[in-house]
Every structure is written in structure tokens, then in C-alpha cells.
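Computed over heavy atoms, backbone and side chain alike; hydrogens, waters and symmetry mates excluded. Given the structure is predicted, the values throughout are model-derived calculations rather than measurements.
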Amino acid sequence: MNFVGRQCLRILKNDSTATKHVLGFGRSVSFKSAYSLENLYPKSNLTIHTPKFVPEDPNAKFTGYIPIKELDITFCASGGPGGQNVQRVNTKVDLRFNVKSATWIDDELKEKILEKDTEQNLDTRIERRKTELERNQKRLQALRKVRPAFMEEFEKHEVELKSLYDDYLQKFRYLAYLEHLYDDAAKAEQERFERK
């Protein structure tokens with residue numbers, strides 16, 4: 001650990017409420033905002049820690065504690081109407097867990113969840129597929145409306161460009177052939193000139 005790191009750790013260990021600290025390189029740090037944690041919560045302890053959960057009764061049905069390690073948390077763009085950033089910012093949180101492997105749910109409750117899950121899951125899947133289908137149909141209609149505006153002109157220009165390229169290619173081949181004939185004629189003329 002470097003010198004600055006050791007000094008910062010020493011300051012934090014010794015006195016976390018002091019407003020002026022002299023660091024080892026001659027500058028003092030004395031600014032404290034009016035909105036600092038010490039001013040907003042003067043009687044609170046500023047150490048942040050996550051306590052370990054120990055259930056009172058390990059055989060209890062549900063204690064209220066859900067281990068984060070057993071959750072699958074993902075973020076994605078939320079669908080539907082909204083402001084400017086609704087499709088660009090991942091504001092929707094998708095929280096999932098495996099009911100069968102969840103250690104914080106007892107077996108009786110797991111069975112009830114799985115019974116309801118099969119019916120509800122099917123309904124939610126059908127509803128989700130319907131909304132996806134509607135969204136994709138709207139996108140397709142929008143693309144069909146936009147397509148004729150530029151695609152017909154593009155296709156017309158593409159045909160013209162292809163015919164121009166074919167003409168260019170033919171003329172390029174003729175030019176290469178004529179240059180080859182010219183080089184042969186120039187060589188023959190040079191040889192005749194050297195013989196005389």
C-alpha cells in the first residue's frame with residue numbers, strides 16, 4: 001500500500017468526524033459541505049456494513065431473509081410509453097429465482113408456488129407473446145410505410161448503376177486491349193529502328 005493510502009486509512013481509523021486533516025504532503029483538507037453525512041445525521045455511525053443473517057429457528061417456514069446469491073437480477077429497457085430515455089436506459093429490473101433450489105422457502109410452500117406457477121406462467125407467457133406480436137406487427141407496418149419513400153428510387157438507381165458499371169467494365173477491357181496492342185506496336189517499331 002502506498003503512502004497516501006496508509007495516510008487515508010490512518011485518518012479514517014483515528015477520527016471520522018474531524019473536519020480538518022493534514023495529509024503527509026503539506027496540504028490540508030478542510031472543506032465540509034452543509035449536506036455531508038455528518039451534518040445530516042450527526043448521531044449516526046458512518047461505517048457501512050451488511051450484517052450476516054442468522055435465523056432464530058432454522059426449521060421456520062419463512063424468516064423474511066432472502067439470500068441475494070440465489071437471485072438472478074438483470075436490468076433491461078422498460079417497454080411501453082414513457083419519457084425520452086425509456087428505450088435507451090436500462091431501468092426495468094427483472095428479478096428471478098429458481099423455486100426448486102430456493103433454500104429460504106420450505107417444501108410445502110414450494111409445492112403451492114409450483115402449482116400456481118404452471119397456471120399463471122402459461123397465462124403470462126401467452127400475454128407476453130401477444131404483446132410481442134402486436135409490437136412486431138406495428139414495427140412491420142411502420143417499415144412498410146417507410147419503404148416506398150426511398151426503396152423504389154434506390155432500386156431504380158441500382159439498375160442504372162449496374163448498367164453503367166457494365167459499360168465501364170467493357171470500355172476498361174477495350175482500353176486495356178488497345179494499350180496492349182499499342183505496347184506491342186511500340187516494341188516492334190523500336191526493334192525495327194534498332195536494326196537499321
Side-chain angles (χ1 to χ4, degrees), residues 33-37 39-41 44 46-53 55 58 60-180:
S33 171
Y35 302 109
S36 67
L37 290 177
N39 293 337
L40 291 175
Y41 305 103
S44 69
L46 296 178
T47 58
I48 298 173
H49 68 284
T50 305
K52 290 201 170 203
F53 178 76
K61 290 186 178 184
F62 180 62
T63 59
Y65 176 75
I66 301 173
I68 292 183
K69 292 178 183 176
E70 295 187 20
L71 299 176
D72 181 27
I73 303 171
T74 55
F75 301 92
C76 60
S78 60
Q84 315 174 34
N85 293 326
V86 72
Q87 296 298 331
R88 286 186 267 153
V89 181
N90 293 336
T91 56
K92 179 181 174 185
V93 178
D94 191 16
L95 183 80
R96 296 174 183 254
F97 67 93
N98 189 347
V99 177
K100 293 178 182 176
S101 65
T103 59
W104 45 277
I105 302 176
D106 68 330
D107 295 333
E108 183 181 326
L109 188 57
K110 284 181 188 179
E111 291 174 11
K112 288 181 183 178
I113 291 172
L114 290 172
E115 285 176 14
K116 287 186 178 182
D117 184 46
T118 54
E119 298 168 8
Q120 289 177 352
N121 198 11
L122 183 59
D123 292 339
T124 56
R125 283 183 185 173
I126 291 171
E127 196 63 35
R128 192 180 306 140
R129 296 294 183 229
K130 281 182 183 178
T131 56
E132 286 178 11
L133 180 63
E134 289 172 5
R135 189 181 313 127
N136 289 335
Q137 285 176 344
K138 287 179 183 177
R139 285 182 185 169
L140 180 62
Q141 289 173 356
L143 288 174
R144 284 183 178 162
K145 288 178 184 176
V146 173
R147 183 191 183 281
F150 62 89
M151 284 303 288
E152 290 175 8
E153 186 178 351
F154 172 76
E155 289 169 355
K156 185 177 94 174
H157 288 305
E158 190 177 27
V159 169
E160 285 180 29
L161 188 63
K162 182 155 177 43
S163 66
L164 287 173
Y165 179 74
D166 290 340
D167 290 345
Y168 167 76
L169 194 59
Q170 187 177 13
K171 289 177 182 177
F172 180 79
R173 288 178 182 162
Y174 289 157
L175 181 63
Y177 178 71
L178 289 174
E179 285 177 348
H180 177 71

By salt bridge (Lys or Arg N to Asp or Glu O under 4.0 Å) - contacts of Arg129 (at least two apart)
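Scan of Arg129 (salt bridge (Lys or Arg N to Asp or Glu O under 4.0 Å), adjacent residues dropped) gives Glu132.
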
Could you grab the distance from atom [atom1] of [X] to atom [atom2] of [Y], nearest 0.5 Å is fine?
{"X": "Thr131", "Y": "Ile126", "atom1": "OG1", "atom2": "CD1", "value": "12.0 Å"}
{"X": "Lys162", "Y": "Leu169", "atom1": "NZ", "atom2": "CG", "value": "9.5 Å"}
{"X": "Asp72", "Y": "Asn98", "atom1": "CG", "atom2": "CG", "value": "10.5 Å"}
{"X": "Ile66", "Y": "Ile105", "atom1": "CD1", "atom2": "CD1", "value": "7.5 Å"}

Would you say the side chain of Leu133 lies within less than 4.5 Å of the side chain of Gln137, judging by non-hydrogen atoms?
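SC-SC contact between Gln137 and Leu133 confirmed.
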
Does Glu127 reach the side chain of Thr124, with side-chain heavy atoms less than 4.5 Å apart?
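They are not in side-chain contact.
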
Lys110 versus Lys100, closest heavy-atom pair with distance:
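Heavy-atom minimum between the residues: NZ-O, 3.3 Å.
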
For Glu70 and Phe97, indicate whether the former's side chain and the latter's backbone hold a donor-acceptor pair under 3.5 Å.
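No, because the side chain of Glu70 does not come within donor-acceptor range (under 3.5 Å) of the backbone of Phe97.
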
